[in-house]
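Data first, discussion second: the structure below is written as structure tokens.
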Amino acid sequence: MAYLLVSAFLLAAQTHGVPKEYSQQGEGVLLDSLKLQEGLFTNESENYSSQVQPPGTNRRIPQSIIIGVRKGGTRALLEMLDIHPEIVVATTEVHFFDWDENYAKGFEWYKNLMPFSYENQITVEKTPGYFTSSLSPERIHEMNSSIKLLLILRDPTERVISDYTQVYYNRLENHKPVQVIEEIVIRNGALNTKYKAIQRSLYDVHMENWLKYFSLDQIHIVDGDTLIRDPLPELQKVEKFLNLRPRIMSSNFYFNQTKGFYCIRSDGRERCLHESKGRPHPMVNSTVLEQLQAYFKDHNQNFYRMVNRSFDWH
């Protein structure tokens with residue numbers, strides 16, 4: 001949990017003192033103590049390449065990757081997993097496997113973007129664009145054919161609306177013209193199936209590509225809709241999938257009435273996702289919603305067959 005710097009260690013030792021019992025109880029307790037004292041959280045930006053290496057740590061290629069899906073809840077999943085003391089996370093989206101210009105820089109460049117970790121810790125990276133990238137499965141397989149992949153999905157129609165909402169607010173903030181969702185989703189009276197947000201929600205199409213390179217037992221699917229409503233059960237399944245001791249507890253979460261979703265309580269601090277997360281969705285014409293749901297229906301059924309599991313999607 002993570003990327004503690006030697007400078008933070010020295011500052012804590014000089015300013016607060018490091019209690020003797022921490023050295024006796026092991027690195028995990030010491031890590032948690034220093035994080036509490038120095039306020040180091042994964043939602044703060046950090047330049048990993050400039051880190052000073054804490055004793056006994058190394059940068060490691062990720063043993064697990066959150067591959068997607070965009071607007072499926074990847075940031076929430078990463079932040080929540082970072083509660084676990086045996087997980088360290090890369091806080092920025094690296095786009096190594098889906099962007100040719102980054103992939104050309106090689107695995108050493110990729111590794112140097114990872115946080116320092118101890119041998120007993122798992123490094124997790126997340127880039128939502130991997131799931132819909134045709135190149136990423138083969139490239140990740142080439143790096144590590146036995147890697148464990150995490151895929152968080154939500155109702156495809158809701159994901160389209162969330163995708164649109166993000167772009168809508170980004171354009172507003174950059175003083176660019178915006179369109180209502182109906183004008184984008186419907187073209188000439190028919191569903192605009194070339195709209196990228198719709199393409200990203202064709203889970204069966206993208207999953208087929210991943211199953212060419214990885215067995216189903218290497219890909220754990222997190223129910224993003226359930227994670228929003230009740231985080232702990234989904235996170236416990238991830239702990240089991242990653243062969244980790246159960247360390248994430250119900251006390252690590254509290255429901256924020258103002259934001260309308262769960263926030264995180266760990267290391268004596270409380271934090272919520274960035275304000276850009278959980279933005280209210282626009283009201284969408286019911287006919288448009290029905291067209292989207294009808295379009296995704298066969299794709300959803302096909303996906304259920306592929307993964308031997310069903311979801312409560314419209």
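Start at 1 with the first residue, then count along the sequence.
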For [range], pull every pair meeting disulfide (SG to SG under 2.5 Å), keeping only residues two or more places apart or in separate chains.
range	result
residues 94-189	none
residues 187-268	Cys263-Cys272
residues 83-175	none
residues 124-213	none

Among all residues two or more places apart in sequence or in another chain, which pass the side chain to side chain donor-acceptor pair (under 3.5 Å) test with Asn302?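 If we apply the side chain to side chain donor-acceptor pair (under 3.5 Å) test to Asn302, skipping adjacent residues, the hits are Asp204.
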
More than 12 non-hydrogen atoms from neighbouring residues, nucleotides or ligands closer than 6.0 Å to [atom1] on [X], yes or no?
X	atom1	value
Asp312	CG	no
Lys240	NZ	no
His281	NE2	yes
Glu208	CD	no

[X]: side chain to side chain contact (heavy atoms under 4.5 Å, CB included) partners, not counting sequence neighbours:
X	answer
Ser145	His141
Lys111	Arg59, Ile61, Glu108
Val167	Arg70, Asp163, Arg171
Lys212	Asn209

Would you say the side-chain atoms of [X] and [Y] include a donor-acceptor pair closer than 3.5 Å?
X	Y	value
Arg200	Thr132	no
Arg159	Ser201	yes
Thr287	Glu290	no
Thr127	Glu125	yes
Asn252	Ser250	no
Lys148	Gln63	no

Indicate yes or no: at least one non-hydrogen side-chain atom of [X] is less than 4.5 angstrom from one of [Y].
X	Y	result
Val124	Val88	no
Ile152	Val69	no
Ile147	Phe214	yes

Show the nearest heavy-atom pair for residues [X] and [Y], with the distance to one decimal.
X	Y	value
Asp225	Asp155	OD2-N, 3.0 Å
Met80	Pro231	SD-CB, 3.9 Å
Tyr118	Gly56	CD2-O, 3.4 Å
Thr74	Pro128	OG1-CG, 3.4 Å
Ser64	Leu242	OG-CD2, 3.7 Å
Ala90	Leu78	O-CD2, 3.6 Å

Test side chain to side chain contact (heavy atoms under 4.5 Å, CB included) applied to Leu153 and Trp313, step by step: CA-CA 10 Å; Leu153 301 175; Trp313 297 337; 4.0 Å; yes

Approximate separation, where rounding is to 0.5 Å, of [X] [atom1] and [Y] [atom2]:
X	Y	atom1	atom2	answer
Glu138	Met143	CD	CE	13.5 Å
Asn144	Gln218	CG	CD	8.5 Å
His299	Met306	NE2	CE	11.5 Å
Glu86	Asn243	CD	CG	11.0 Å
Leu150	Ile219	CG	CD1	10.5 Å
Leu77	Lys126	CG	NZ	9.5 Å

Say whether [X] and [Y] are linked into one hydrophobic cluster, either directly or through other cluster members, by side-chain heavy-atom distances under 4.5 angstrom.
X	Y	value
Trp109	Leu135	no
Ile83	Phe255	yes
Leu211	Phe303	yes

Okay, side chain of [X], backbone of [Y]: is any donor-acceptor separation there less than 3.5 Å?
X	Y	value
Arg265	Ser251	yes
Ser136	Ser133	no
Tyr304	Phe311	yes
Glu270	Ile264	no

Looking at Lys71 and Glu158, is there a salt bridge between them, counting it only when a charged N and a carboxylate O are closer than 4.0 Å?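 No.
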
Residues Arg139, Glu142: salt bridge by 4.0 Å N-O rule: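 No, Arg139 and Glu142 are not salt-bridged.
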
Audit row: Ile140, Leu149, side chain to side chain contact (heavy atoms under 4.5 Å, CB included) steps and yes/no: CA-CA 10 Å; Ile140 294 176; Leu149 304 172; 4.3 Å; yes

Not counting sequence neighbours, which residues clear ring-ring contact (aromatic ring centres under 6.0 Å, His included) with His95? List them please.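 With sequence neighbours excluded, His95 shows a ring-ring contact (aromatic ring centres under 6.0 Å, His included) to Trp99, given in chain and number order.
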
Ile248 vs Glu239, side chain to side chain contact (heavy atoms under 4.5 Å, CB included): CA-CA, chis, key distance, verdict: CA-CA 8 Å; Ile248 301 175; Glu239 286 178 319; 3.4 Å; yes

Given Ile228 and Tyr262, is the side chain to side chain contact (heavy atoms under 4.5 Å, CB included) satisfied, shown in steps? CA-CA 7 Å; Ile228 293 170; Tyr262 281 90; over 6 Å; no

Do the two ring centres, one from Phe107 and one from Phe96, sit under 6.0 Å apart?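 So the answer is yes for these two rings.
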
Between Phe97 and Tyr110, is the ring centre distance below 6.0 Å?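 Centroid distance Phe97-Tyr110: below 6.0 Å, so yes.
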
Relative to each other, are the rings of Phe131 and Trp210 parallel, tilted or perpendicular (30° and 60° limits)?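 Plane angle under 30°, so parallel.
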
Scan for ring pair (Phe, Tyr, Trp, His ring centres under 6.0 Å) pairs involving residues 230-254, sequence neighbours excluded, and state none if there are none.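 Checked against ring pair (Phe, Tyr, Trp, His ring centres under 6.0 Å) - neighbours excluded - the pairs reaching residues 230-254 are His220-Phe241.
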
Under 4.5 Å side-chain linkage, directly or through intermediates, the cluster mates of Ile184: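 The other cluster members (ILVMFWY side chains, heavy atoms under 4.5 Å, direct or chained) are Val160, Ile161, Tyr164, Tyr168, Tyr169, Leu172, Val178, Ile181, Val185, Ile186, Leu191, Tyr195, Ile198, Leu202, Val205, Val284, Val288, Leu289, Leu292, Tyr295, Phe296.
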
